[in-house]
Amino acid sequence: MEESFYDKVFRIVRLIPKGRVSTYGAIAKYFGTGLSSRMVGWALNSSHSQDIPVPAQRVVNRNGLLTGRHHFPTPTLMEELLISEGIKIKENQVQDFKKHFWDPAVELGY
DNA sequence: CGTGTGACCGGCG
DNA sequence: ACGCCGGCCACAC
(Lines give C-alpha, C1' and ligand atoms only; values in the text may rest on other atoms or scores of the structure.)
Protein backbone atom coordinates (compact mmCIF):
# COMPACT_ATOMS: atom_id res chain seq x y z
CA MET A 1 0.00 0.00 0.00
CA GLU A 2 1.69 3.10 -1.13
CA GLU A 3 0.71 6.09 0.85
CA SER A 4 -0.98 8.76 -1.11
CA PHE A 5 0.37 12.23 -1.10
CA TYR A 6 -2.44 13.04 1.32
CA ASP A 7 -1.24 10.52 3.87
CA LYS A 8 2.22 12.00 3.72
CA VAL A 9 0.87 15.44 4.47
CA PHE A 10 -1.29 14.10 7.28
CA ARG A 11 1.68 12.32 8.77
CA ILE A 12 3.79 15.44 8.81
CA VAL A 13 0.99 17.47 10.33
CA ARG A 14 0.48 14.84 13.02
CA LEU A 15 4.18 15.13 13.84
CA ILE A 16 3.74 18.75 14.78
CA PRO A 17 4.24 18.90 18.55
CA LYS A 18 1.59 20.38 20.79
CA GLY A 19 2.03 24.08 21.19
CA ARG A 20 3.78 24.45 17.85
CA VAL A 21 2.58 25.61 14.46
CA SER A 22 3.80 25.08 10.93
CA THR A 23 3.18 26.57 7.54
CA TYR A 24 1.95 25.18 4.24
CA GLY A 25 5.12 26.34 2.54
CA ALA A 26 7.37 24.63 5.07
CA ILE A 27 5.56 21.33 4.67
CA ALA A 28 5.51 21.66 0.90
CA LYS A 29 9.20 22.39 0.96
CA TYR A 30 9.79 19.31 3.06
CA PHE A 31 8.25 17.25 0.29
CA GLY A 32 10.52 19.01 -2.15
CA THR A 33 10.34 22.40 -3.76
CA GLY A 34 8.39 20.74 -6.56
CA LEU A 35 5.27 20.54 -4.46
CA SER A 36 3.30 23.71 -4.19
CA SER A 37 1.82 24.85 -0.92
CA ARG A 38 -1.69 24.69 -2.31
CA MET A 39 -1.53 20.92 -2.32
CA VAL A 40 -0.94 20.87 1.42
CA GLY A 41 -4.07 22.85 2.15
CA TRP A 42 -5.98 20.81 -0.35
CA ALA A 43 -4.90 17.61 1.31
CA LEU A 44 -5.95 18.99 4.67
CA ASN A 45 -9.34 19.61 3.12
CA SER A 46 -9.77 15.84 3.20
CA SER A 47 -8.38 15.55 6.72
CA HIS A 48 -11.92 15.47 8.08
CA SER A 49 -12.42 12.22 6.22
CA GLN A 50 -9.51 10.57 7.99
CA ASP A 51 -10.12 8.19 10.87
CA ILE A 52 -7.03 9.57 12.54
CA PRO A 53 -7.48 13.10 13.83
CA VAL A 54 -5.25 15.59 12.06
CA PRO A 55 -4.24 18.74 13.98
CA ALA A 56 -4.85 20.94 10.97
CA GLN A 57 -5.25 23.86 13.35
CA ARG A 58 -1.49 23.79 13.79
CA VAL A 59 -1.04 24.52 10.11
CA VAL A 60 -1.29 28.14 9.11
CA ASN A 61 -0.08 30.24 6.24
CA ARG A 62 3.29 31.96 6.26
CA ASN A 63 1.67 35.10 7.68
CA GLY A 64 0.68 33.13 10.76
CA LEU A 65 -2.91 33.80 9.79
CA LEU A 66 -5.52 31.12 10.40
CA THR A 67 -6.60 31.01 6.78
CA GLY A 68 -8.12 27.56 7.10
CA ARG A 69 -10.42 28.36 9.99
CA HIS A 70 -13.37 28.65 7.60
CA HIS A 71 -13.00 25.00 6.73
CA PHE A 72 -13.39 23.83 10.31
CA PRO A 73 -16.75 22.64 11.69
CA THR A 74 -16.94 26.02 13.36
CA PRO A 75 -14.87 29.08 12.40
CA THR A 76 -13.80 29.54 15.99
CA LEU A 77 -12.76 25.95 16.61
CA MET A 78 -9.32 26.41 15.10
CA GLU A 79 -8.59 29.38 17.30
CA GLU A 80 -9.96 27.64 20.36
CA LEU A 81 -7.81 24.59 19.78
CA LEU A 82 -4.64 26.63 19.38
CA ILE A 83 -5.41 28.66 22.48
CA SER A 84 -6.08 25.42 24.30
CA GLU A 85 -2.55 24.35 23.42
CA GLY A 86 -1.07 27.49 24.83
CA ILE A 87 -0.76 29.41 21.58
CA LYS A 88 -2.05 32.94 21.72
CA ILE A 89 -4.30 34.09 18.91
CA LYS A 90 -5.15 37.67 18.09
CA GLU A 91 -7.45 38.60 15.25
CA ASN A 92 -7.09 35.16 13.65
CA GLN A 93 -3.36 35.68 13.81
CA VAL A 94 -0.80 33.63 15.72
CA GLN A 95 1.10 35.72 18.21
CA ASP A 96 4.85 35.05 18.31
CA PHE A 97 4.27 32.91 15.26
CA LYS A 98 7.98 32.86 14.54
CA LYS A 99 8.65 31.57 18.04
CA HIS A 100 6.08 28.79 17.76
CA PHE A 101 7.11 27.98 14.21
CA TRP A 102 7.92 24.31 13.64
CA ASP A 103 9.84 23.52 10.50
CA PRO A 104 9.75 19.81 9.53
CA ALA A 105 12.80 20.21 7.32
CA VAL A 106 14.74 21.37 10.37
CA GLU A 107 13.11 19.48 13.23
CA LEU A 108 13.05 16.22 11.33
CA GLY A 109 16.48 16.86 9.90
CA TYR A 110 15.50 17.31 6.30
C1' DC B 1 -9.07 13.20 -22.01
C1' DG B 2 -9.39 18.53 -20.92
C1' DT B 3 -10.62 22.19 -17.68
C1' DG B 4 -11.14 24.08 -13.25
C1' DT B 5 -10.19 24.58 -8.67
C1' DG B 6 -7.68 24.90 -4.24
C1' DA B 7 -6.78 26.18 3.69
C1' DC B 8 -0.40 29.26 -0.82
C1' DC B 9 4.10 31.63 -1.94
C1' DG B 10 7.17 34.57 -4.20
C1' DG B 11 8.25 37.92 -7.51
C1' DC B 12 7.37 42.11 -10.00
C1' DG B 13 5.12 46.81 -11.24
C1' DA C 1 5.02 49.79 1.01
C1' DC C 2 1.12 47.71 -1.42
C1' DG C 3 -1.42 45.11 -4.97
C1' DC C 4 -1.64 42.07 -8.67
C1' DC C 5 -0.15 38.02 -11.31
C1' DG C 6 1.72 33.66 -12.33
C1' DG C 7 3.31 29.15 -10.90
C1' DC C 8 2.94 24.75 -8.96
C1' DC C 9 0.88 19.84 -8.47
C1' DA C 10 -2.96 16.79 -7.49
C1' DC C 11 -7.73 15.55 -7.77
C1' DA C 12 -12.83 15.97 -9.16
C1' DC C 13 -16.24 16.55 -12.81
Side-chain angles (χ1 to χ4, degrees):
Chain A
M1 279 282 292
E2 278 92 50
E3 296 158 336
S4 295
F5 133 91
Y6 289 123
D7 295 324
K8 291 184 180 181
V9 175
F10 297 149
R11 181 171 296 181
I12 299 298
V13 175
R14 283 187 230 129
L15 287 175
I16 301 176
K18 179 182 176 184
R20 298 282 183 176
V21 290
S22 188
T23 68
Y24 303 99
I27 296 171
K29 192 172 185 178
Y30 180 75
F31 279 93
T33 48
L35 280 178
S36 52
S37 310
R38 293 183 177 177
M39 309 288 81
V40 179
W42 209 346
L44 288 176
N45 194 8
S46 268
S47 63
H48 73 89
S49 185
Q50 297 301 308
D51 294 322
I52 306 175
V54 179
Q57 68 275 9
R58 293 177 189 160
V59 184
V60 296
N61 70 344
R62 75 173 190 92
N63 287 319
L65 190 69
L66 283 66
T67 52
R69 79 186 154 140
H70 293 287
H71 285 265
F72 276 74
T74 56
T76 54
L77 181 60
M78 188 174 187
E79 182 175 324
E80 291 292 317
L81 288 171
L82 289 172
I83 294 173
S84 182
E85 296 187 354
I87 298 176
K88 298 187 177 84
I89 308 296
K90 183 79 173 199
E91 297 293 309
N92 303 324
Q93 211 168 233
V94 178
Q95 301 299 281
D96 299 317
F97 164 66
K98 183 179 176 183
K99 185 155 59 176
H100 290 295
F101 179 62
W102 184 86
D103 189 346
V106 175
E107 302 296 331
L108 299 179
Y110 297 91

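Atoms considered below: every heavy atom in the structure, side chains included; atoms not considered: hydrogens, waters and symmetry mates. Worth saying up front: this structure is predicted, and the values here are computed from it rather than measured. In what follows, every chain begins at residue 1, and chains take the letters A, B, ... in the order their sequences are listed.
At distances below 3.5 Å, at least one donor-acceptor pair connects side-chain atoms of N61(A) with backbone N or O atoms of N63(A). Under the 3.5 Å distance criterion, the side-chain polar atoms of H100(A) are left unmatched by any main-chain donor or acceptor of I87(A). Using modelled atom types, no side-chain atom of S47(A) and backbone atom of V54(A) make a donor-acceptor pair closer than 3.5 Å.
In this model, the phosphate group of dA7(B) is not approached by any side-chain N or O of S37(A) to a distance below 4.0 Å at OP1 or OP2. Applying the 4.0 Å criterion to OP1 and OP2 of dG10(B), one finds that R62(A) has a side-chain N or O inside that range.
Side-chain proximity of N45(A) to dC11(C), dA7(B), dC9(B): nearest is dA7(B). Checked against dC9(C), dC8(B), dC11(C), the side chain of F5(A) finds its nearest nucleotide in dC11(C). Listed candidates were dG10(B), dA10(C), dC9(C). Nearest to the side chain of S36(A) is dC9(C). Distance from the side chain of S47(A) is smallest to dA7(B) among dA7(B), dC11(C), dC9(B). Considering only side-chain atoms of A56(A), the nucleotide from dA10(C), dC11(C), dA7(B) that sits closest is dA7(B). In this structure, of dA7(B), dC9(C), dC9(B), it is dA7(B) that holds the atom nearest to the side chain of T67(A). Comparing atom distances between the N61(A) side chain and each of dC8(B), dG10(B), dC9(C) picks out dC8(B) as nearest.
The distance between atom CH2 of W42(A) and atom P of dA10(C), rounded to the nearest whole Å, is 11 Å. Rounded to an integer number of Å, the gap from CE of M78(A) to C1' of dA7(B) is 8 Å. Look at CZ on F31(A): it is 12 Å from C1' on dA10(C), rounded to the nearest Å. In this structure, CG of L81(A) is placed 19 Å from P of dA7(B), rounded to the nearest angstrom. Between the OH atom of Y6(A) and the C1' atom of dA7(B) there is a distance of 13 Å, given to the nearest Å. Distance I27(A) CD1 to dC9(B) P: 10 Å, rounded to the nearest Å. Going from atom CG of N63(A) over to atom C1' of dA1(C) covers 15 Å, rounded to whole Å. Atom-to-atom, CZ of F72(A) to C1' of dA7(B) comes out at 9 Å; the value is rounded to the nearest Å.
A salt bridge is absent between R20(A) and E85(A): the closest approach of a Lys/Arg side-chain nitrogen to an acidic carboxylate oxygen does not fall below 4.0 angstrom.
Contact annotation: the side chain of Q57(A) never approaches that of L77(A) to less than 4.5 Å [non-hydrogen atoms, C-beta and beyond].
Contact annotation for L44(A): base contact, defined as any heavy-atom pair under 4.0 Å involving a base atom.
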